[in-house]
Amino acid sequence: MEMEVDLDNAAEMGRLDASGMLTVMEWFPQQVREALEIGGREVSLPRADGLHSVVVLGMGGSGISGDVTAALVSGCLRMPVASVKGYALPAYVGPDTLVFAVSYSGNTEETLECLDEAVERGARVVAVSSGGRLAGLADELDIPLFQVPPGLQPRASLGYLSVPIVCALERMGLVAGLVEKVRGAAEILDERADEYAMTSPLDDNPTKRLAKDLLGYLPVVYGSEGAPAVAAKRWKTQFNENAKIPAFDNWFPELNHNETVGWQNLADVCSRCYLVVLRAQGEHERVSRRIEITAGLISDDVGHITQVCARGANEVERLFDLVYFGDMTSVYLALALGQDPTPVTRIETLKKRLAGESA
Ligand code: PA5
């Protein structure tokens with residue numbers, strides 16, 4: 001399949017990417033730094049004594065902040081973190097639960113419904129939003145709010161939506177040393193920015209190259225257990241929303257107990273799939289072996305297999321590196337397909353129809 005837009009032609013890309021998604025994505029390192037500043041703002045956080053769980057409420061581009069947070073704190077937070085994506089608040093949420101309600105627009109009904117319930121149950125709540133009803137409720141109910149800049153797509157705000165949560169957990173004394181790691185990660189991301197930038201030519205730019213290779217294929221993104229699995233989920237949703245194509249994710253070792261078998265039939269479909277395996281240093285040695293064996297078992301069934309290995313000295317750098325790589329790839333793929341990466345018309349239409357029904 002031919003590229004609709006030359007990924008080395010900034011003017012052509014700029015014409016299609018009218019809202020500047022590529023630039024926003026490219027500025028991810030800067031966004032992480034600003035998010036650290038937002039997370040450090042004078043906000044009166046709940047007390048930490050007696051907490052037994054953390055819950056992050058959020059959907060879609062906001063909800064992924066819960067998965068990212070859970071991955072970032074998994075090595076040091078001594079209580080469970082759950083990402084709640086829906087209308088149902090788990091029964092264990094109560095006065096000893098710290099609840100982060102994350103909605104970029106502030107108007108997402110699932111998040112607001114769970115928030116109402118959490119408040120009713122006496123949970124200790126913190127909000128992250130650019131405005132909308134969530135910001136209004138925060139004001140009304142005296143809920144601490146990390147207010148993030150408006151005017152972006154939620155999925156282009158991952159730094160703003162996740163980093164303040166990490167800052168809050170650290171300020172409450174629940175984790176230590178993570179903020180410093182996030183600061184360090186921003187420095188590393190600066191180096192990646194040069195490599196992944198729109199001005200970096202396709203031959204030297206691994207994100208443009210992967211986008212070109214993916215043209216005409218259905219991406220299936222596998223991650224090894226932990227941060228790469230979360231990154232795989234992010235890649236999948238970014239392919240959906242930016243490039244407007246179907247994409248799927250799964251993770252090792254779980255997929256060895258089901259999906260590995262699923263490549264045996266529908267040869268015409270399987271051969272149109274491009275498998276990207278996300279990996280990171282420190283992966284379990286049995287997972288490494290599983291990846292090798294799995295690739296051997298399914299290589300004749302899928303169209304292509306490639307790997308992207310996270311670079312970075314710690315879990316924060318590695319997760320952000322994989323996220324950044326996938327974000328940039330998805331925007332280049334959108335442009336190569338002739339798609340404006342920004343609009344998500346179907347999400348908006350769906351929300352409007354739902355609103356019309358409940359009005
Ligand atoms: O990317 C999107 O636009 C969606 O996934 C939204 O993030 C999702 O619908 C939730 O909206 P919000 O992030 O404003 O809470």
Side-chain angles (χ1 to χ4, degrees), residues 17-22 24-25 28 31 35 38 55-69 83-89 99-118 125-138 143 145-165 221 230-249 323 326-331 333-334 339-358:
D17 181 17
S19 309
M21 177 65 87
L22 192 49
V24 176
M25 287 297 180
F28 183 53
Q31 182 179 129
I38 293 169
V55 163
V56 182
L57 312 175
M59 304 302 298
S62 293
I64 189 79
S65 66
D67 305 300
V68 165
T69 302
S83 201
V84 172
K85 299 178 179 185
Y87 295 96
L89 192 67
V99 173
F100 290 93
V102 185
S103 169
Y104 185 77
S105 64
N107 294 324
T108 297
E109 63 178 40
E110 299 94 317
T111 309
L112 292 171
E113 192 164 317
C114 280
L115 172 65
D116 269 357
E117 178 75 25
V125 179
V126 177
V128 184
S129 182
S130 73
R133 285 174 53 209
L134 180 53
L137 275 173
I143 293 171
L145 167 71
F146 289 109
Q147 180 124 25
V148 305
L152 298 173
Q153 287 292 316
R155 64 189 183 282
S157 316
L158 181 60
Y160 290 138
L161 298 173
S162 56
V163 171
I165 301 180
V221 191
V230 172
K233 192 191 299 269
R234 168 71 172 181
W235 280 50
K236 174 245 186 295
T237 56
Q238 291 292 72
F239 286 137
N240 294 152
E241 291 189 65
N242 291 333
K244 284 82 170 152
I245 53 171
F248 297 92
D249 70 291
V323 165
D327 283 1
M328 294 301 288
T329 302
S330 69
V331 178
L333 179 57
Q339 286 287 328
D340 179 346
T342 299
V344 279
T345 317
R346 287 194 179 177
I347 296 179
E348 283 157 20
T349 305
L350 190 134
K351 287 182 180 179
K352 274 190 199 132
R353 286 192 193 165
L354 280 168
E357 281 162 22
S358 62

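Remember, it's 1-based here, ligands and their atoms both numbered in the order they're listed.
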- Task: Evaluate the side chain to side chain contact (heavy atoms under 4.5 Å, CB included) criterion for residues T108 and S62: first the C-alpha distance (whole Å), next the side-chain angles of each, then the deciding distance (0.1 Å), finally the verdict.
- Result: CA-CA 10 Å; T108 297; S62 293; over 6 Å; no
Side-chain donor-acceptor distances from residues 232-241 under 3.5 Å, at least two apart:
from, atom 1, to, atom 2, distance (Å)
R234, NE, D327, OD1, 3.0
R234, NH1, R155, O, 3.3
R234, NH2, R155, O, 2.6
R234, NH2, D327, OD1, 3.4
R234, NH2, D327, OD2, 3.0
W235, NE1, L322, O, 2.8
K236, NZ, N240, OD1, 2.7
K236, NZ, A247, O, 3.3
T237, OG1, K233, O, 3.3
T237, OG1, R234, O, 3.0
Q238, NE2, D327, OD1, 3.1
N240, ND2, I245, O, 2.9
E241, OE1, R155, NH1, 3.4

- Task: Applying salt bridge (charged side-chain N to carboxylate O under 4.0 Å, His left out), name anything that partners D249, two or more places apart in sequence or on another chain.
- Result: none
- Query: Any side-chain heavy atom of L333 sitting closer than 4.5 Å to one from N242?
  - Reply: no
- Quick one: list whatever passes side chain to side chain donor-acceptor pair (under 3.5 Å) with K244, sequence neighbours left out. none
Return a table of N or O atom pairs, ligand 1 on one side and protein on the other, at distances under 3.5 Å, rounded to 0.1 Å.
from, atom 1, to, atom 2, distance (Å)
ligand 1, 1 (O), E241, OE1, 2.5
ligand 1, 1 (O), E241, OE2, 3.3
ligand 1, 5 (O), G61, N, 3.0
ligand 1, 7 (O), G61, N, 2.9
ligand 1, 9 (O), K351, NZ, 2.7
ligand 1, 11 (O), T108, OG1, 3.0
ligand 1, 11 (O), K351, NZ, 3.3
ligand 1, 13 (O), S62, OG, 2.5
ligand 1, 14 (O), S105, N, 2.8
ligand 1, 14 (O), S105, OG, 2.6
ligand 1, 15 (O), S103, OG, 2.6
ligand 1, 15 (O), T108, OG1, 2.5

- Mind listing the closest non-hydrogen atom pair of D17 and L22 along with its distance? OD2-N, 2.8 Å
